[in-house]
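In what follows, a single structure is set out as structure tokens and then discussed.
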Amino acid sequence: MIKNIAFGAFLLVSGFFFAQNTAMTGTEAKAFVTKVSSETQQIKTLQSDFTQTKKMDFLDKNIITYGKMSLKSPNMLSWKYTKPYQYSIVFKENKIFINDQGKKSSVDAKSKTFEKINKLIVGSSNGKMFSDPEFTVTYFKSSAYNIAKFTPKSAQLLKYIKQIELYFPKNESTVAQVNMLEASGDTTNIVFKNTKINAQIPASEFSL
């Protein structure tokens, strides 16, 4: 349960876009990375509503959930699911804090797969995800998005995730959509909306 929620939430990733994507040239990829890395350096906080759609082979219907994501630099991240159930997960101080409809627990995230996922999501707000040594990154573009695709290098992470895709709207430096293909073949799609940058976030958002 924890593993499925954490992977689905962090990255997040998925009903993939079927629009035609083409590979960026080396020059285009370099310009994209430079732009995002530079502009996201100014981001101290990030808040967004999200809709998560999970497709599993053994289920006829997709699982759709709604919630709110809050991020505070350098390494605090909160995902709070509000519909159709209440489930919260907070990353801070190298720990994962969980509130499953009133049942609270914590997990040591240090040196575990969770830490790598957390680092990638936090990195998406400051541009550092492009240089994450845990992933090979390839770059694509469509008419509406610039797309960074992350493929895990380690056998440990590949047991869970085959690929993560981050979608950046053209001329924007924050992620609008995350897609993830899990090793099981299940997919997760997270779409962000109502994003607020550098708005004050109450400390309560990072406590359970």
Query raised in the report: Quick one: salt bridge (Lys or Arg N to Asp or Glu O under 4.0 Å) partners of Lys35, sequence neighbours excluded?
Result: Glu39
Taking the side chain as everything from C-beta on, heavy atoms only, tell me whether [X] gets closer than 4.5 Å to [Y].
| X | Y | answer |
| --- | --- | --- |
| Glu134 | Ser154 | yes |
| Ile96 | Val90 | no |
| Gln177 | Val175 | no |
| Lys44 | Lys72 | no |
| Pro84 | Thr65 | yes |
| Pro169 | Tyr145 | yes |
| Tyr139 | Val137 | yes |
| Ile161 | Leu158 | no |

For [Y], does its backbone N or O pair with a side-chain atom of [X] as donor and acceptor, under 3.5 Å?
| X | Y | answer |
| --- | --- | --- |
| Lys104 | Leu208 | yes |
| Thr40 | Val36 | yes |
| Lys92 | Leu77 | no |
| Asn198 | Thr45 | yes |
| Asn99 | Gly102 | yes |
| Asn62 | Ile64 | no |

Query raised in the report: So, for Ser142 and Asn21, which heavy atoms are closest and what is the spacing to 0.1 Å?
Result: CB-OD1, 3.3 Å
**Report entry** Residue pair Phe135 / Lys153: nearest heavy atoms and the distance that separates them
**Finding:** O-CE, 3.4 Å
Query raised in the report: After noting the C-alpha distance and the side-chain angles of Thr151 and Thr138, does the key distance pass the side-chain contact (heavy atoms from CB on, under 4.5 Å) rule?
Result: CA-CA 8 Å; Thr151 303; Thr138 52; 5.6 Å; no
Query raised in the report: If Ile, Leu, Val, Met, Phe, Trp and Tyr residues are connected whenever their side-chain heavy atoms lie under 4.5 Å apart, and connections chain through other members, are Val191 and Leu181 in the same group?
Result: no
Report task. Could you check whether the rings of Phe50 and Phe192 sit parallel, tilted or perpendicular, using 30° and 60° as the cut-offs? Result -> perpendicular
Spacing of [X] atom [atom1] and [Y] atom [atom2] [to the nearest 0.5 Å]:
| X | Y | atom1 | atom2 | result |
| --- | --- | --- | --- | --- |
| Phe150 | Thr136 | CZ | OG1 | 10.5 Å |
| Lys68 | Lys80 | NZ | NZ | 8.5 Å |
| Asn146 | Leu166 | CG | CG | 12.0 Å |
| Ile43 | Ser173 | CD1 | OG | 7.5 Å |
| Thr53 | Lys61 | OG1 | NZ | 14.0 Å |
| Leu46 | Ile197 | CG | CD1 | 6.0 Å |

Report summary line: Pro202 meets the side-chain contact (heavy atoms from CB on, under 4.5 Å) criterion, sequence neighbours left out, with Ser204, Glu205
Going by atom type alone, with no hydrogens or angles, which donor-acceptor pairs under 3.5 Å involve a side-chain atom of residues 23-33 and a protein atom two or more places apart or on another chain?
unit_1 : atom_1 : unit_2 : atom_2 : d
Thr25  : OG1    : Glu28  : N      : 3.1
Thr25  : OG1    : Glu28  : OE1    : 3.4
Glu28  : OE1    : Thr25  : N      : 2.9
Glu28  : OE1    : Lys141 : NZ     : 3.3
Glu28  : OE2    : Lys141 : NZ     : 2.7

Query - Between Phe140 and Tyr167, ring centroids under 6.0 Å - result: no
Query raised in the report: Would one find more than 12 heavy atoms of other residues, nucleotides or ligands at under 6.0 Å from atom NZ of Lys196?
Result: no
**Report entry** Other residues, nucleotides, ligands: >12 heavy atoms within 6.0 Å of Lys83 NZ
**Finding:** no
Requested in this report: Go through the steps for Phe130 and Ser37 under the test side-chain contact (heavy atoms from CB on, under 4.5 Å), then give the verdict.
Outcome: CA-CA 8 Å; Phe130 297 126; Ser37 298; 3.9 Å; yes
In chain order, what residues pass the side-chain hydrogen bond (donor to acceptor under 3.5 Å, both in side chains) check against [X], with sequence neighbours excluded?
| X | result |
| --- | --- |
| Thr195 | Ser48 |
| Ser184 | Asp186 |
| Asp49 | Asn194 |

Requested in this report: Test side-chain contact (heavy atoms from CB on, under 4.5 Å) on Phe206 and Ser70 and set out the steps.
Outcome: CA-CA 8 Å; Phe206 302 102; Ser70 300; 4.1 Å; yes
Query raised in the report: Could you walk me through whether Lys55 and Glu182 pass the salt bridge (charged side-chain N to carboxylate O under 4.0 Å, His left out) check?
Result: CA-CA 10 Å; Lys55 182 178 181 181; Glu182 299 179 26; over 6 Å; no
Query raised in the report: Is the closest side-chain donor-acceptor distance between Gln52 and Asn189 under 3.5 Å?
Result: no
Report task. Begin from the C-alpha positions of Tyr85 and Gln101 and carry the test side-chain contact (heavy atoms from CB on, under 4.5 Å) through to its verdict. Result -> CA-CA 8 Å; Tyr85 53 79; Gln101 302 184 86; 4.1 Å; yes
